[in-house]
Amino acid sequence: MGKPIISFQNVVKQYDDEVILKNVNFEIEEGRFYTLLGPSGCGKTTILRIIAGFSEATKGDVYFEGKRINDVPANQRQVNTVFQDYALFPHMNVFDNVAFGLKIKKLPKAEIAKKVTEALKLVQLAGYETREISEMSGGQRQRVAIARAIVNEPKVLLLDEPLSALDLKLRTDMQYELRELQQRLGITFIFVTHDQEEALAMSDEIFVLNKGKIVQSGTPVDIYDEPINHFVADFVGESNIVNGIMIEDNTVEFVGKRFECVDGGMRPNEPVEIVIRPEDLSLTTLENGKLSVKVDTQLFRGVHYEIICYDEQGNEWMVHSTKKAKEGSQIGLFFEPEDIHVMRFNESEEDFDARLESYEE
Ligand SMILES: Nc1ncnc2c1ncn2[C@@H]1O[C@H](COP(=O)(O)OP(=O)(O)O)[C@@H](O)[C@H]1O
Ligand SMILES: [Mg+2]
């Protein structure tokens with residue numbers, strides 16, 4: 001466990017009558033890579049703005065290294081932001097863009113030059129000092145924006161969807177680079193995205209947000225394997241989600257059949273939702289299948305086929321398989337008890353943790 005660096009305690013943000021953040025609580029530790037993941041409008045940028053001091057919490061407390069910072073002005077906080085649109089100065093060259101903040105702080109010229117050179121080296125732009133911003137590509141501008149933020153040696157770097165303007169190939173390269181940069185600098189990154197793949201690939205810890213609330217937090221593996229509700233299961237990765245009934249611990253019913261599973265801690269006969277990931281389903285014969293389905297469509301996705309099937313109740317099942325299926329054929333789907341993930345309707349993270357703990361004891 002690292003040292004806590006930022007914490008939000010019951011933070012509420014309200015504009016007029018609209019509540020944008022509803023009691024947000026979290027703790028951020030030193031030296032790790034965090035991602036705020038959620039759909040557009042869920043409050044990600046608002047959280048970053050409150051951390052940076054560009055916006056004030058309506059209620060609640062914000063702590064930095066144990067001190068309440070609600071009233072500390074932005075320029076006295078040890079954080080820097082990389083904005084979505086980079087916000088570079090178009091009429092200045094690379095050096096002057098990166099040096100800007102240091103000049104305002106009136107650092108000696110030689111020290112500024114040293115720090116700027118160092119920052120540009122870190123983002124692999126050594127030698128680009130005199131280039132105009134207009135002569136730089138999207139990916140290079142992105143790097144200048146990052147250099148400008150890290151040159152101040154912040155303890156925390158905030159990145160607001162910094163890769164969303166880049167094309168897919170460059171975005172993937174930058175994901176690796178950012179992750180590496182974070183490890184090299186050893187400072188805390190708080191990265192914002194609406195892209196679940198990006199979040200899963202880069203983070204030590206993900207906070208999933210919906211409508212101004214953190215609905216789940218955990219490692220990428222936790223969030224992917226144990227989504228606590230329909231929203232998370234659906235938002236993070238491809239999922240098959242059907243309604244079911246938790247008959248008793250380790251027995252769940254869906255599509256009219258009973259299956260062994262590894263979940264528990266619910267009321268007998270509690271209505272639940274079932275998630276099975278497409279890669280956990282395999283194609284088999286009707287006799288060997290746990291579910292019988294009719295193959296509707298199949299698409300080749302480069303490494304696997306994506307096969308859409310329907311069961312007799314009309315539920316859709318997506319399967320990722322290296323085997324082909326025949327469209328229109330009746331086949332079996334196989335899965336193991338541990339591939340079934342049972343979710344309570346709209347369970348909160350706290351209730352989820354408490355239930356699993358009591359069940360596992
Ligand atoms: N200055 C503002 N005044 C009123 N509403 C705002 C303001 N800034 C953001 N909002 C609203 O707050 C919500 C969350 O916005 P934001 O934090 O930018 O979401 P995200 O970054 O997740 O897309 C949105 O509904 C947005 O319209
Ligand atoms: Mg935003």
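One-based numbering, in listed order, for ligands and for the atoms of each.
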(request) Around atom 25 (O) of ligand 1, find the nearest protein heavy atom and jot down its residue, atom name and distance. (result) Gly41 O, 4.0 Å

(request) Indicate the ring-plane relationship of Tyr305 and Phe300, choosing parallel, tilted or perpendicular according to the 30° and 60° boundaries. (result) tilted

(request) Distance to 0.1 Å, residue and atom name: give those for the protein heavy atom nearest to atom 7 (C) of ligand 1. (result) Tyr15 CE1, 3.2 Å

(message) Against Ile331, only a single residue in Leu286, Val295, Thr284 fulfils side chain to side chain contact (heavy atoms under 4.5 Å, CB included); can you say which?
(response) Val295

(request) For atom 19 (O) of ligand 1, find the nearest protein heavy atom and state the residue, atom name and distance (0.1 Å precision). (result) Gly43 N, 3.3 Å

(request) Determine the interplanar angle of the Phe89 and His91 rings, folded into 0 to 90°, and report it as parallel if under 30°, tilted if 30 to 60°, perpendicular if over 60°. (result) tilted

(message) Please report whether atom 21 (O) of ligand 1 has a protein non-hydrogen atom at a separation of less than 4.0 Å.
(response) yes

(message) Between the side chains of Asp96 and Lys103, is the shortest nitrogen-to-carboxylate-oxygen separation below 4.0 Å, so that they form an ion pair?
(response) yes

(request) Decide whether Asn10 and Asn25 meet the rule of one side-chain donor and one side-chain acceptor closer than 3.5 Å. (result) yes

(message) I'd like to know whether ligand 1 has Cys42 as a neighbour, heavy-atom separation below 4.0 Å.
(response) yes

(message) Looking only at protein heavy atoms, which one is nearest to atom 17 (O) of ligand 1, and what is the separation?
(response) Thr46 OG1, 2.5 Å

(message) Taking Val19 as the starting point, is it possible to reach Ile47 by hopping between hydrophobic residues whose side chains are less than 4.5 Å apart?
(response) no

(message) For atom 12 (O) of ligand 1, what is the closest protein heavy atom, and at what distance to 0.1 Å?
(response) Ile20 CD1, 3.1 Å

(message) Evaluate Asp204 against Arg179 for salt bridge (charged side-chain N to carboxylate O under 4.0 Å, His left out), listing each step before the verdict.
(response) CA-CA 10 Å; Asp204 291 316; Arg179 178 73 225 197; 3.3 Å; yes

(request) Flag atom 4 (C) of ligand 1 as yes if some protein heavy-atom distance to it falls below 4.0 Å, otherwise no. (result) yes

(request) Decide, counting backbone as well as side-chain atoms, whether Thr45 has an N, O or S atom less than 2.8 Å from the Mg ion (ligand 2). (result) yes

(request) Return the residue, atom name and 0.1 Å-rounded distance of the protein heavy atom closest to atom 18 (O) of ligand 1. (result) Thr45 CB, 3.6 Å

